[in-house]
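To keep things clear, I will list the structure first and then write my remarks on it.
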Amino acid sequence: MIWAGIFLLCVPSDCLTASTPLFASKDACEKAVEDYGMQRVRETFIGYTVLDWKCVYFGEVNESNA
């Protein structure tokens, strides 16, 4: 199980997504976003507005998905 924070960022003419490193738990992901991730995204994507974010779970990959 892994978690990653996903951000939706927009300017009037364009939108994009950005993500955090991977985390072992949802709590760790949310804490990292709140503690430093949001600030890092704003510093990196100057001029973009963070419309939303959430921590997303990625399950184990099985052989049929590989």
Side-chain angles (χ1 to χ4, degrees):
M1 285 195 268
I2 55 173
W3 292 83
I6 307 294
F7 298 85
L8 175 60
L9 309 156
C10 293
V11 293
S13 62
D14 192 26
C15 291
L16 57 88
T17 59
S19 67
T20 66
L22 302 176
F23 298 93
S25 71
K26 184 177 183 181
D27 289 339
C29 178
E30 289 175 343
K31 182 167 177 32
V33 168
E34 292 167 0
D35 288 353
Y36 60 85
M38 187 67 71
Q39 181 64 30
R40 178 76 173 138
V41 165
R42 287 185 176 134
E43 290 171 354
T44 302
F45 299 95
I46 296 169
Y48 281 80
T49 300
V50 178
L51 294 184
D52 201 4
W53 70 271
K54 70 189 232 180
C55 288
V56 177
Y57 166 76
F58 294 89
E60 296 178 21
V61 175
N62 62 41
E63 290 182 29
S64 65
N65 291 338

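Residues: numbered from 1 along the sequence shown.
For residues 36-46, the pairs satisfying side-chain hydrogen bond (donor to acceptor under 3.5 Å, both in side chains) are Q39-E43, with sequence neighbours left out. For residues 4-32, every residue pair satisfying the side-chain hydrogen bond (donor to acceptor under 3.5 Å, both in side chains) rule, not counting sequence neighbours, is listed here: K31-D35.
Residues G5 and V33 share a closest heavy-atom pair of CA-CG2, 4.4 Å. Of all the heavy atoms in W3 and C29, the pair that sits closest is CB-CB, 4.1 Å. For the pair A32 and F23, the tightest heavy-atom approach, listed with the atom from each and the gap, is CB-CZ, 3.3 Å.
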Please list every donor-acceptor pair under 3.5 Å in which a side-chain atom of residues 46-56 meets a protein atom from a residue at least two apart or in another chain.
none

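Criterion: ILVMFWY side-chain heavy atoms under 4.5 Å apart, direct or through other members. Under it, F45 and V11 are part of a common hydrophobic cluster. Transitive grouping of hydrophobic side chains (ILVMFWY, heavy atoms separated by less than 4.5 Å) brings M38 and L9 into a common cluster.
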